[in-house]
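Single-structure report; data block below.
For the single chain, residues carry numbers from 1 onward in sequence order. This is a predicted model, so every value here is computed, not measured.
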Amino acid sequence: MAEEQKKTFQLQRVYLKDASFECPGAPDIFLQEWKPKMNVQLNNGARRIGEGTEYEVEVTVTVTAKSEDEQKTFYLAEVKQAGIFTLAGIEGEERDQLLGAYCPNVLFPYAREVVSDLVAKGSFPQMILQPLNFDALYQQQREKQQSGDGEPSTVQ
């Protein structure tokens with residue numbers, strides 16, 4: 001009887017993959033009253049690196065602050081925070097849960113800090129993204145897929 005492969009989960013590296021900040025109306029935008037309409041978009045994904053047991057997981061956060069009438073953009077900040085994780089001997093639903101929920105939970109605080117720093121360096125009031133429950137978001141996505149409403153998520 002073959003010995004079952006030992007399960008291994010490790011964080012290898014956390015890194016900032018991309019960050020951008022735009023303030024298209026500067027300097028005139030600073031003379032306007034600060035009553036922004038905020039829009040926060042979040043996305044995450046995972047892909048296998050090569051043929052091994054390493055996976056890159058990426059969390060993308062895009063924050064847009066516009067004027068109340070949405071005619072002018074105060075700022076647009078986008079951050080892609082990524083990490084390399086080793087998952088050996090972990091397959092199926094357990095692997096998908098780790099890559100789709102646990103790993104993004106690890107990466108999100110880093111992305112939140114970068115967004116906050118970018119906005120502050122743009123001379124705007126502090127932007128604090130609220131904590132997210134990626135486990136709940138993952139479960140919602142799985143339920144959508146099972147009911148046929150969502151697109152299947154695959155790990156490449």
Side-chain angles (χ1 to χ4, degrees), residues 2-24 34 36-66 70 73-156:
E3 190 177 314
E4 188 177 322
Q5 183 180 5
K6 182 179 174 189
K7 292 183 178 185
T8 303
F9 175 81
Q10 289 181 315
L11 171 61
Q12 298 296 327
R13 179 178 303 252
V14 174
Y15 57 98
L16 181 61
K17 190 166 184 175
D18 188 20
S20 68
F21 182 84
E22 298 174 30
C23 183
W34 177 250
K37 274 192 152 178
M38 303 300 289
N39 180 3
V40 178
Q41 296 180 354
L42 178 72
N43 196 6
N44 66 296
R47 68 179 186 89
R48 183 186 299 261
I49 301 172
E51 299 296 319
T53 58
E54 282 77 35
Y55 292 82
E56 178 189 53
V57 178
E58 183 177 295
V59 173
T60 303
V61 180
T62 306
V63 180
T64 308
K66 291 189 172 193
E70 296 191 23
T73 300
F74 290 115
Y75 66 79
L76 171 68
E78 183 176 69
V79 171
K80 291 183 181 181
Q81 188 71 48
I84 297 174
F85 297 84
T86 298
L87 282 79
I90 303 171
E91 296 297 327
E93 177 62 29
E94 186 179 11
R95 181 197 64 190
D96 293 347
Q97 174 78 27
L98 284 170
L99 295 173
Y102 186 80
C103 294
N105 271 324
V106 170
L107 297 173
F108 185 71
Y110 294 95
R112 184 172 52 207
E113 179 183 15
V114 174
V115 167
S116 180
D117 287 350
L118 286 173
V119 170
K121 288 178 181 179
S123 185
F124 290 96
Q126 186 177 29
M127 173 62 185
I128 300 175
L129 296 171
Q130 295 302 309
L132 293 175
N133 183 342
F134 282 92
D135 294 310
L137 294 172
Y138 175 78
Q139 288 304 324
Q140 288 173 358
Q141 183 64 28
R142 296 289 294 171
E143 289 169 9
K144 263 186 173 180
Q145 289 171 8
Q146 290 171 355
S147 69
D149 293 340
E151 293 183 22
S153 89
T154 57
V155 176
Q156 301 173 346

Next item on the list: Let me see the working for Val63 and Leu129 under side chain to side chain contact (heavy atoms under 4.5 Å, CB included), right down to the final yes or no.
Entry: CA-CA 9 Å; Val63 180; Leu129 296 171; 4.1 Å; yes
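- When every heavy atom of Ala65 is checked against every heavy atom of Trp34, the shortest pair comes out as CB-CH2, 4.2 Å.
- When all heavy atoms of Phe108 and Val59 are compared, the closest pair comes out as CD1-CG1, 4.3 Å.
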Next item on the list: Check the pair Lys66, Asn39 against side chain to side chain contact (heavy atoms under 4.5 Å, CB included), reporting the backbone distance first and the verdict last.
Entry: CA-CA 8 Å; Lys66 291 189 172 193; Asn39 180 3; over 6 Å; no
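- The two residues Ala46 and Val57 make their nearest non-hydrogen contact at CB-CG2, 4.0 Å.
- Put simply, the side chain of Thr53 does not reach to within 4.5 Å of the side chain of Thr8, judged on heavy atoms.
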Next item on the list: For the pair Asn105 and Tyr138, evaluate side chain to side chain contact (heavy atoms under 4.5 Å, CB included) and give the outcome as yes or no after the intermediate values.
Entry: CA-CA 11 Å; Asn105 271 324; Tyr138 175 78; over 6 Å; no
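- Under the 4.5 Å side-chain criterion, counting only non-hydrogen atoms from C-beta, Arg112 is not in contact with Val61.
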Next item on the list: Begin from the C-alpha positions of Leu16 and Val114 and carry the test side chain to side chain contact (heavy atoms under 4.5 Å, CB included) through to its verdict.
Entry: CA-CA 9 Å; Leu16 181 61; Val114 174; 4.2 Å; yes
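- Shown here for Arg95 and Leu87, the closest heavy-atom pair between the two residues is CG-CD2, 3.8 Å.
- In this structure, the separation between CG on Leu98 and NZ on Lys7 is 9.5 Å, given to the nearest 0.5 Å.
- Pairing each heavy atom of Pro104 with each of Asn44, the nearest pair is CG-ND2, 3.3 Å.
- Expressed to the nearest 0.5 Å, how far CD1 of Ile49 lies from CD1 of Ile84 amounts to 4.5 Å.
- In this structure, Glu113 CD and Leu118 CG are separated by 10.5 Å, a value rounded to the nearest 0.5 Å.
- In terms of heavy atoms, Val119 sits closest to Phe21 at CA-CE1, 3.9 Å.
- Classification of the Tyr75-Phe124 ring pair by plane angle, with boundaries at 30° and 60°, yields tilted.
- Annotation: Tyr102, atom OH; neighbour count of heavy atoms from other residues, nucleotides and ligands within 6.0 Å does not exceed 12.
- Counting only heavy atoms from C-beta outward, the side chains of Gln139 and Asp135 never approach each other to under 4.5 Å.
- For the atom pair CD (Gln12) and OG1 (Thr86), the distance works out to 3.5 Å, reported to the nearest 0.5 Å.
- Atom CD of residue Glu22 and atom OG1 of residue Thr64 lie 9.0 Å apart, to the nearest 0.5 angstrom.
- Within 6.0 Å of the NZ atom in Lys37, the count of heavy atoms belonging to other residues, nucleotides or ligands does not exceed 12.
- With a 4.5 Å cut-off on side-chain heavy atoms, Leu42 and Phe134 count as touching.
- The aromatic rings of Phe85 and Phe9 sit parallel to each other, their planes meeting at less than 30°, with 60° as the upper class boundary.
- In this structure, the separation between CD on Gln140 and CG on Asn133 is 9.0 Å, given to the nearest 0.5 Å.
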